[in-house]
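Notes follow once the structure below has been shown.
Quick note: residue numbers are just sequence positions, from 1. Whatever order the structure lists ligands and atoms in, that order sets their numbers, starting from 1.
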Amino acid sequence: MFSNDLLKGKTVLITGGGTGIGREMALRFSELGASICILGRRENVLKETCSKIRENKRPAFYHVCDVRSPEEISSSLDFFIENAGMPDILVNNAAGNFVSPTELLSPHAVDSVLGIVLHGTIYMTLDLGKRWIKASHKGVVLDIVTTYSWTGSAFVVPSAAAKAGVLALVRSLAVEWAHYGIRHVAIAPGPFPTEATRKNLFPIPEVEEMLSERVPLGRVGKMEEITNLAAFLISDGASFINGEVVTIDGGEWLKGAGEFSGLLALSKEQWQTIREISRKKS
Ligand code: HXC
Ligand code: NAP
């Protein structure tokens, strides 16, 4: 889809790059010529992802970091800058989420999700952004949100509130920091099953099936579909895209929003009846 040097000379920092979509982005961006920096809480998954990248003789660095801690973020950035140079691109991908009736949540459960998704994203953006501004270094921030950032969603309320906040951050800083040469973009994925979503969000097969059926294209997303979109958005090819969120969900959220989308379930016979009734002159 792209020339292999699309991201040559770029250093990309991905939070939560040891698993799932973050890991897939790390592998794809590396194939396209980028140096990779990843962080997260678990060393084993970060190490494994870096080893996989280095097998192809490509540069990759990791640092253990909980994005809820500004101090840990600062140490990670010091480490990456010393070893890989100033990151040119930040992908805020780390997240925490689980399905639960909202009335069963404790304040700690709420703080846990808001802390990772909202505070973690702001802390990362702020620390690296200040360094970029001080060094007059141009940059791109890509935030991974969800389609319920603007619709809200039952049963994942802390995540919905946090992702809505992240989208507001993208749109606000797209304006405020553009004159520093810093671009902000976001991706809103529909269902892309990963180990974590299977554990925390679709823990029983019925839920995963239900989600596929909601998608007009009749399936969940494939990893290469989201990694290629991300590669385009962070590349110089997208240099005039700023403050935009791109949805990649097979049409899922629009189907939910359309008043008559449920009519997809009607049979040919029912449509025939509707046609006859609605054409009858009164
Ligand atoms: C209710 C829960 C819970 C659950 C945890 N808690 N899981 N409450 N239902 N399923 C509560 C705990 O009881 C505790 O509160 C508080 O949350 C914090 O729990 P910890 O385990 O101590 O938190 P922590 O170790 O910080 O882990 C954070 C986490 C965990 C969010 C709870 O799930 C995590 O690390 N997730 C990272 C991976 C992940 O979620 N990926 C999915 C991203 S997908 P008390 O009061 O008991 O102390 C996504 C979008 C999907 O975001 C969209 C799909 C279409
Ligand atoms: P994932 O594999 O769980 O990825 C989340 C990553 O974030 C993990 O590597 C995790 O690593 C890291 N992380 C969590 N808490 C952290 C913390 N406090 N500090 C640092 N890192 C932390 O899930 P995923 O499905 O790939 O999701 C990736 C992104 O896509 C998320 O932003 C998610 O909201 C979004 N998204 C996913 C889907 C989907 O269907 N998969 C749909 C819509 C949006 P550690 O646990 O080791 O820290």
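- Listed by atom number, the atoms of ligand 2 under 4.0 Å from Pro191 heavy atoms are 40 (O).
- Among Gly190, Ser106, Ala95, the residue whose heavy atom sits closest to atom 37 (C) of ligand 1 is Ala95.
- Ligand 1 places these atoms under 4.0 Å from at least one heavy atom of Gly96: 31 (C), 36 (N), 37 (C), 39 (C), 40 (O).
- Heavy atoms of Ile116 approach ligand 2 to within less than 4.0 angstrom.
- Here Thr197 has side-chain heavy atoms under 4.0 Å from ligand 2, and that is the only part of it that gets that close.
- Using a non-hydrogen distance threshold of 4.0 Å, Val145 registers as a contact of ligand 2.
- Of the listed options Arg68, His108, Arg214, Glu252, His108 places a heavy atom closest to atom 14 (C) of ligand 1.
- Ligand-side atoms of ligand 2 in range of Ala196: 1 (P), 2 (O), 3 (O), 23 (O), range being under 4.0 angstrom from any heavy atom.
- For Thr146, no nitrogen or oxygen atom sits less than 3.5 Å from a nitrogen or oxygen atom of ligand 2, counting backbone and side chain alike.
- Counting non-hydrogen atoms of neighbouring residues, nucleotides and ligands closer than 6.0 angstrom, the CD atom of Glu276 exceeds 12 such neighbours.
- Using a 4.0 Å cut-off between heavy atoms, Glu195 makes no contact with ligand 1 at all.
- Ligand 2 has no nitrogen or oxygen under 3.5 angstrom from a nitrogen or oxygen of Gly96.
- Of the candidates Glu24, Arg41, Lys199, Met223, Arg41 brings a heavy atom nearest to atom 17 (C) of ligand 2.
- Around the CD atom of Glu195, the shell of radius 6.0 Å holds no more than 12 heavy atoms that belong to other residues, nucleotides or ligands.
- For the pair Asn93 and ligand 2, the shortest N or O to N or O distance falls below 3.5 Å.
- Remark: distances from the non-hydrogen atoms of Lys163 to ligand 2 include one below 4.0 Å.
- In terms of polar-atom proximity, Ile21 is counted as a contact of ligand 2, with an N or O under 3.5 Å from an N or O of the ligand.
- Considering Gly40, Gly22, Ala95 only, the shortest heavy-atom separation from atom 14 (C) of ligand 2 involves Ala95.
- Not a single heavy atom of Ala188 sits closer than 4.0 Å to an atom of ligand 2.
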